[in-house]
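One structure is given below, encoded as structure tokens.
Just so it is clear, the structure is predicted and the values come from calculations on it, not from any experiment. What's counted below: heavy atoms across the whole structure, side chains too, no hydrogens, waters or symmetry copies. So that the names make sense, note that chain A is the first sequence line, chain B the second, and so on, each numbered from 1.
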Protein chains: 2
Amino acid sequence: MTTVLVVDDQPLQRYGFHLLLDSVPETDVVGEAAHGAEAVRKTAELRPDVVLMDVRMPGMDGIEATRRIVAAGGRSRVLVLTTFDLDEYVHAALRAGASGFLLKDARPEELLAGIRAVASGDAVIAPALTRRLLQEYARYVPAHRADSAEDPGLGSLTDREREILVAVGKGWTNGEIAARFVLSESTVKTHVGRVLAKIGARDRIQAVIFAYDHGLARPNAD
Amino acid sequence: MTTVLVVDDQPLQRYGFHLLLDSVPETDVVGEAAHGAEAVRKTAELRPDVVLMDVRMPGMDGIEATRRIVAAGGRSRVLVLTTFDLDEYVHAALRAGASGFLLKDARPEELLAGIRAVASGDAVIAPALTRRLLQEYARYVPAHRADSAEDPGLGSLTDREREILVAVGKGWTNGEIAARFVLSESTVKTHVGRVLAKIGARDRIQAVIFAYDHGLARPNAD
DNA sequence: CGGCGCGTAGTACCTCGGTACTACGCGCCT
DNA sequence: AGGCGCGTAGTACCGAGGTACTACGCGCCG
């Protein structure tokens, strides 16, 4: 049995979800909320398996509510629903920690399948959104490992040189690298110089770019 | 009516898909292939709406076949199926241009829904994989737009300054930027200096990192 | 043993980048 | 009319970065 909290500012919409979810035995609507603040409060109180969250709501919106629910650390998972497939919503929701994102025009069985998946710890994305998400994903997440044959130098770097490159990718100066690796600055310069030659970069800036493009540098830097 | 090409090296597996897809009126299996090379050939010949592609196959595997089919530019979409949810497969398949990735233990209706979605130009990912994909996505694709309140400067940049930052993110020197923007190097320096001050970077290297972290710089650089 | 790759270290030199500060024209708002 | 933001441009200065070249100890391999 999956317990669900329905969050939507439209009473009629809530009623519809209620009807749908009660029509099958596996889901049980344990509560409703009309805005973000109420959603956060009731989630803490009722501890539902799944929070069915509308995005557009007066006051605290669904994104912010999602963020707080996820931050609270309970076991409730958030499935975001919206009429609009605006990219910003999707991004914001996923970054807020939502486990899923579906459109309200989804067929009932899709919604139920989504709730089921989210409840079991998986994630769902509406097919119509998945395409765009994947395009972006493929753009942003490049050569995960040294896959695509062409590999101008990465493989020829020694372990030490790769370490140095990562450090350069963090934006550290030669002096900082020397300090953290307990080396002389001269040595760092020698390493950096060799790295630049091997990867075909003319300066450390292009080395940073190289590092990002090849997955050596990460946004969670420093 | 959706036409499907079934690709799998196991005859029994192909038979199973054939049975399933023929049991519903909306799909029509127009051909089968036992390995990658045959899949590429038959896709070109039969022009199916959807290619149901197994990953593990002797000879050319499903990933390479997917890459070639997508590169060929036809309207056939590839839905990759596998028994193993290995990350490398998922990554490779998506980068190869697959429109979907499902596990073979999917329930029949899920598979059919997937085929339907892919045929209509959408994309599908098995829920079990979506979670991991999203985690990574959230890691790699940072603040897409100035969403999360904290925004040390990006919003305060003028249009010109943002242009400059993008150029810096491409690894261009001040001289190159001056040349491409038809400016004096002094002006570029002034702009760069202001950008650094606004985003809180101490040098252009950290500006490059900032640009990447905020989605201003792209792997498809230069 | 001798050579080679690698990591370490140094010197010398010059360029590029960044800072500080000034300055001016343009457009917009008050 | 005056002020302000923005884009433009300049000078002067200095430190970090990069190049070129040399050097040495260590471990591995033929």
Side-chain angles (χ1 to χ4, degrees), chain A residues 146 151-214 216-217 221-222, chain B residues 145-146 151-214 216-218 221-222:
Chain A
D151 178 347
L154 218 187
S156 68
L157 292 180
T158 67
D159 290 345
R160 196 51 154 172
E161 286 163 356
R162 201 172 292 109
E163 283 182 329
I164 297 288
L165 176 52
V166 170
V168 169
K170 289 183 194 293
W172 297 352
T173 64
N174 289 337
E176 286 169 343
I177 297 173
R180 306 216 191 192
F181 283 60
V182 194
L183 291 175
S184 80
E185 195 169 332
S186 295
T187 303
V188 176
K189 278 190 167 189
T190 304
H191 283 312
V192 171
R194 284 205 265 258
V195 169
L196 297 185
K198 284 188 179 179
I199 67 177
R202 74 174 158 207
D203 53 35
R204 69 202 293 111
I205 289 123
Q206 298 196 334
V208 170
I209 294 171
F210 179 93
Y212 267 83
D213 288 353
H214 288 74
L216 287 177
D222 222 41
Chain B
R145 263 156 285 293
D151 177 348
L154 217 188
S156 69
L157 292 180
T158 66
D159 289 345
R160 195 52 154 172
E161 285 163 357
R162 201 171 292 109
E163 282 182 328
I164 298 287
L165 176 52
V166 171
V168 169
K170 289 184 193 293
W172 297 352
T173 64
N174 288 336
E176 287 170 343
I177 297 174
R180 305 215 192 192
F181 284 59
V182 194
L183 291 174
S184 81
E185 195 169 333
S186 295
T187 303
V188 175
K189 278 189 166 190
T190 305
H191 283 313
V192 171
R194 284 206 265 257
V195 169
L196 296 185
K198 285 188 179 178
I199 67 176
R202 75 176 159 204
D203 53 35
R204 69 201 293 110
I205 289 123
Q206 297 196 334
V208 170
I209 294 172
F210 180 93
Y212 267 83
D213 288 355
H214 289 74
L216 288 177
R218 294 273 163 283
D222 223 44

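In this structure Ser184(A) satisfies the side chain to side chain donor-acceptor pair (under 3.5 Å) test together with Thr187(A), sequence neighbours excluded. With sequence neighbours excluded, no residue satisfies salt bridge (Lys or Arg N to Asp or Glu O under 4.0 Å) with Glu185(A).
The CD atom of Glu185(A) sits 14 Å away from the C1' atom of dT11(C) (whole-angstrom rounding). Protein atom CG of Leu183(B) is 11 Å distant from nucleotide atom P of dG10(D), rounded to whole Å. Per the geometry, CD1 belonging to Ile205(A) stands 8 Å off C1' belonging to dG17(C), to the nearest Å. Atom-to-atom, CZ of Arg204(A) to C1' of dG17(D) comes out at 7 Å; the value is rounded to the nearest Å. One interatomic measurement links the two molecules: NE2 of His191(A) to P of dG10(C), which rounds to 13 Å at whole-angstrom precision. In this structure, the CD atom of Glu176(B) is 11 Å from the P atom of dC16(C), given to the nearest Å. Taking atom NZ on Lys198(B) and atom P on dG18(C), their separation rounds to 17 Å, with Å as the unit. Summarising the geometry, the separation between CG on Asp203(B) and C1' on dG17(C) is reported as 9 Å, rounded to the nearest angstrom.
The distance from atom OG1 of Thr190(B) to atom CD of Glu161(B), rounded to the nearest 0.5 Å, is 10.5 Å. Rounded to the nearest 0.5 Å, atoms OG1 (Thr158(B)) and NE2 (His191(B)) are 7.0 Å apart.
Residue contacts shown for Ser184(B) are limited to sugar-phosphate atoms, with no base heavy atom under 4.0 Å away. When heavy atoms are screened at a 4.0 angstrom cut-off, Thr173(A) is found touching the sugar-phosphate backbone but no base atom.
OP1 or OP2 of dG7(D) lies within a sub-4.0 Å distance of a side-chain N or O belonging to Thr158(B). Within the structure, a side-chain polar atom (N or O) of Thr187(A) is placed less than 4.0 Å from OP1 or OP2 of dA9(C). In this model, the phosphate group of dG18(C) is not approached by any side-chain N or O of Arg202(B) to a distance below 4.0 Å at OP1 or OP2.
In this entry dA23(D) has dT8(C) as its Watson-Crick or G-U wobble partner, both defining distances falling under 3.5 Å. When Watson-Crick and G-U wobble pairs are counted only if both distances are under 3.5 Å, dG15(D) pairs with dC16(C).
The aromatic rings of Trp172(B) and Phe181(B) lie perpendicular to each other, with more than 60° between the two planes, well past the 30° mark.
The minimum heavy-atom distance between Leu157(A) and Arg162(A), with the atom names listed, is O-NH2, 3.2 Å. The shortest non-hydrogen separation linking Gly169(B) to Ile209(A) is O-CD1, 3.1 Å.
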Nucleotide N/O to protein N/O under 3.5 Å, stretch nucleotides 20-29 of chain D:
none

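Closest contact between the side chain of Lys189(A) and the listed nucleotides dG17(C), dC6(C), dG17(D) involves dG17(D).
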